[in-house]
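These notes are about the structure you will find just below.
Throughout, protein chains are lettered first and strands after them, A, B, ... in sequence-line order, and every chain is numbered starting at 1. Basis for what follows: all heavy atoms, side chains included, without hydrogens, waters or symmetry-related copies.
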Number of protein chains: 2
Amino acid sequence: MASQPRPRIRDVAEVAGVSATTVSHVLNGKGRVDAATRARVTAAAERLGYRPNSNAKGLRSGRADTIGLLLPVGADLEQAHHVLAVEFYLTLAMNTVEAAFEHDQALLQLPPLRGLDDLRRFSVDGGIVVDPLPLDTRVAMFNELGVPVVTIGRDILRTQDPWWVAADSAGSTGMVLDHLAEAGARRIAMLSVDIGWSWFADAQQTYREWAGRRGIEPILVLARPDKLESSAVAAAAEVLDHRPDAVYVPPQWLASGLLRVARERGVDVPGDLLVSVGVDSHLARTSEPPLTAVDLDPASTARQAVDLLIHRIEGGEPAGPRLIPTTLHSRASSLRTPGAAHRP
Amino acid sequence: MASQPRPRIRDVAEVAGVSATTVSHVLNGKGRVDAATRARVTAAAERLGYRPNSNAKGLRSGRADTIGLLLPVGADLEQAHHVLAVEFYLTLAMNTVEAAFEHDQALLQLPPLRGLDDLRRFSVDGGIVVDPLPLDTRVAMFNELGVPVVTIGRDILRTQDPWWVAADSAGSTGMVLDHLAEAGARRIAMLSVDIGWSWFADAQQTYREWAGRRGIEPILVLARPDKLESSAVAAAAEVLDHRPDAVYVPPQWLASGLLRVARERGVDVPGDLLVSVGVDSHLARTSEPPLTAVDLDPASTARQAVDLLIHRIEGGEPAGPRLIPTTLHSRASSLRTPGAAHRP
DNA sequence: CTGAAAGCGCTTACAG
DNA sequence: CTGAAAGCGCTTACAG
């Protein structure tokens with residue numbers, strides 16, 4: 001419990017019989033230092049459990065060795081109905097933490113930013129903004145303060161910005177639609193939402209193009225973006241009115257509403273209707289029936305985002321956006337087993 | 001995009017026509033400063049968008065104005081089956097962030113700590129360790145470095161430690177058992193797990209005492225702590241072998257296994273079996289039937305933990321542990337509607 | 001290869 | 001009520 005005073009660089013220098021300068025050189029791999037001296041310094045630092053004071057280091061170097069993470073959820077997340085994506089965000093966060101750690105950076109969780117002053121209170125070398133809205137204000141704040149920023153998800157209106165990492169929505173959509181078509185679907189609808197996140201925007205565009213190429217009239221229903229159960233149910237009812245034989249649902253939070261309405265109408269999944277959702281989750285895996293879903297690989301996404309941010313912090317050239325490949329987990333909801341239709 | 005140089009305290013001093021000392025006094029509410037001077041300084045700081053450099057501040061004061069949060073999940077959380085509690089942890093994390101922010105503290109997400117050196121790399125004034133195991137190593141590391149620490153959940157073996165905040169497990173258990181008894185249950189079992197978290201340990205003890213007071217033989221089945229689906233199912237089968245008419249399941253991740261086994265055996269919930277789970281979640285709310293569950297109020301828990309930690313950082317006397325009251329959300333799984341039993 | 005010295009931007013005795 | 005000066009623990013030209 002007794003907090004012994006933390007060793008300073010001069011303590012290490014003393015033990016090693018050199019100057020603080022030399023200790024600094026050794027520890028930071030700068031300058032030329034004799035191998036024997038280097039060994040003595042390393043040993044002394046090790047023995048004392050020396051860790052440079054990050055405030056002093058940061059003050060001198062102007063770097064905080066800290067990056068900020070801004071999730072699109074606040075403290076009121078219990079209320080929000082997109083709680084279904086919590087696994088995704090928590091996985092994203094924990095992987096960001098570990099990736100940052102491996103790069104010798106600490107990870108600051110930023111609260112929702114109400115203004116520039118909120119952001120100014122944190123000293124970070126860079127920031128990661130998750131799920132930017134079109135012309136995202138949070139990104140603008142980082143830019144305004146000259147702090148390097150990278151987004152997870154693309155800001156669909158900042159078309160010149162190369163500093164983002166995102167799961168491949170267009171590719172995923174093509175994969176899902178092809179999968180449903182191969183399973184025999186002829187009238188494939190999309191049930192989505194009108195939020196400006198690239199995951200949804202790109203899915204819609206890809207769906208339209210895909211339908212166009214096949215000369216099919218797209219059936220596209222957008223739920224209200226309020227994430228309320230009632231809106232989900234209303235949109236589900238509307239899409240079923242079109243009598244599709246398959247539905248792709250990029251926003252995973254609309255899936256349970258769709259299943260419920262289908263059940264109420266006696267529409268069997270997968271017998272009468274194939275379903276695939278956009279973001280894999282425990283719920284998708286344990287749903288009845290289990291739902292075919294796209295695995296967005298939040299772990300890789302987080303790591304790529306940290307890499308890209310550090311590249312930007314170090315003044316690197318825009319390395320271009322990074323698209324993260326996805327995987328389709330095919331489950332019972334999209335498997336048309338002959339004879340399984342119209343089970344009682 | 002152009003990063004204009006950040007204003008320093010001397011810039012503010014210059015604009016206000018005073019010394020840096022006075023600016024510091026005004027901004028930190030120290031010393032006596034003339035009201036007019038104070039106003040000029042405040043205005044100047046405001047106009048320049050001045051924010052003290054936290055590294056300089058920290059170097060001088062020895063404080064980092066940063067607290068660390070250590071969740072019991074790592075980057076591999078997709079694998080772990082306790083993903084069901086992700087809402088709880090994410091809510092905890094986001095509320096910790098906001099509470100810290102309101103106390104002018106930044107919140108560092110700490111990665112899993114493999115040793116003292118990992119912890120030394122972070123400069124934090126204090127730490128919050130979530131769900132400590134008995135004689136928790138992470139807590140020991142903070143103590144070893146002399147960094148104030150507070151736990152969310154009680155370390156059941158460090159009985160002298162008053163620095164914790166936890167949802168009231170004993171109270172919740174009593175509430176659930178009474179609720180089930182009032183609904184008519186006579187043979188109330190507990191399906192839990194042998195992990196040393198206080199939430200589970202206290203629930204078991206309370207259950208035993210409760211049964212003892214009523215002269216009932218407790219039916220207590222503990223699942224293996226590996227969080228595998230197979231272990232959950234095995235434990236569920238074992239508890240149903242005892243033919244209980246109600247089960248309280250403190251670890252929420254065992255609930256779906258119980259429901260599945262009950263369905264397979266033709267045991268109707270709630271007709272033949274009342275069920276209540278320990279941690280409320282979206283899954284509990286949307287389960288079929290919806291599950292009666294304890295709301296642990298992670299938001300209050302997080303805020304109290306931050307309060308307590310700051311109290312400890314400031315050298316306050318042990319204020320004693322803080323028990324967070326819980327709420328029971330009574331849902332269909334524990335409502336014995338006469339005649340509802342043995343629905344097809 | 002090594003070290004003395006300056007300075008990063010603050011806060012805090014201390015003097016006036 | 002106000003300010004000059006020291007110093008927190010580092011890193012980095014610079015000199016030797």
Pairing of B/R154 and B/D161 as salt bridge, 4.0 angstrom limit: no
From CG of B/L48 across to C1' of C/dG9 the rounded distance in Å is 15 Å
A/T37 vs C/dT2: side-chain N/O to OP1/OP2 distance below 4.0 Å: yes
Is any side-chain heavy atom of B/D65 closer than 4.5 Å to one of B/D104? no
Minimal non-hydrogen separation, B/I67 against B/Q105, with atom names: CG2-OE1, 3.6 Å
Tell me, do B/W163 and B/V149 make a side-chain contact under 4.5 Å, heavy atoms counted? no
A/V306 side chain reached by A/L309 side chain, heavy atoms, under 4.5 Å: no
Contact pattern, 5' to 3', of nucleotides 10-16 of chain D - B, S or - by protein heavy atom under 4.0 Å: BBBB---
With a 4.5 Å cut-off on side-chain heavy atoms, are A/V130 and A/V73 touching? no
With sequence neighbours left out, which residue pairs that include part of residues 35-57 of chain B fulfil the side chain to side chain donor-acceptor pair (under 3.5 Å) condition? A/S123-B/S54
Whole Å only: how far is the CZ atom of A/R40 from the C1' atom of C/dC1? 12 Å
Pairs counted as Watson-Crick or G-U wobble with both distances under 3.5 Å: what dot-bracket string results for DNA chain D, using | for bases tied to another strand? |||.||||||||.|||
Look only at the side chain of B/D155 and the backbone of B/L135, and say whether a donor-acceptor pair between them is shorter than 3.5 Å. yes
From the list C/dG3, C/dT2, D/dC1, which nucleotide is the closest neighbour of the side chain of A/S19? C/dG3
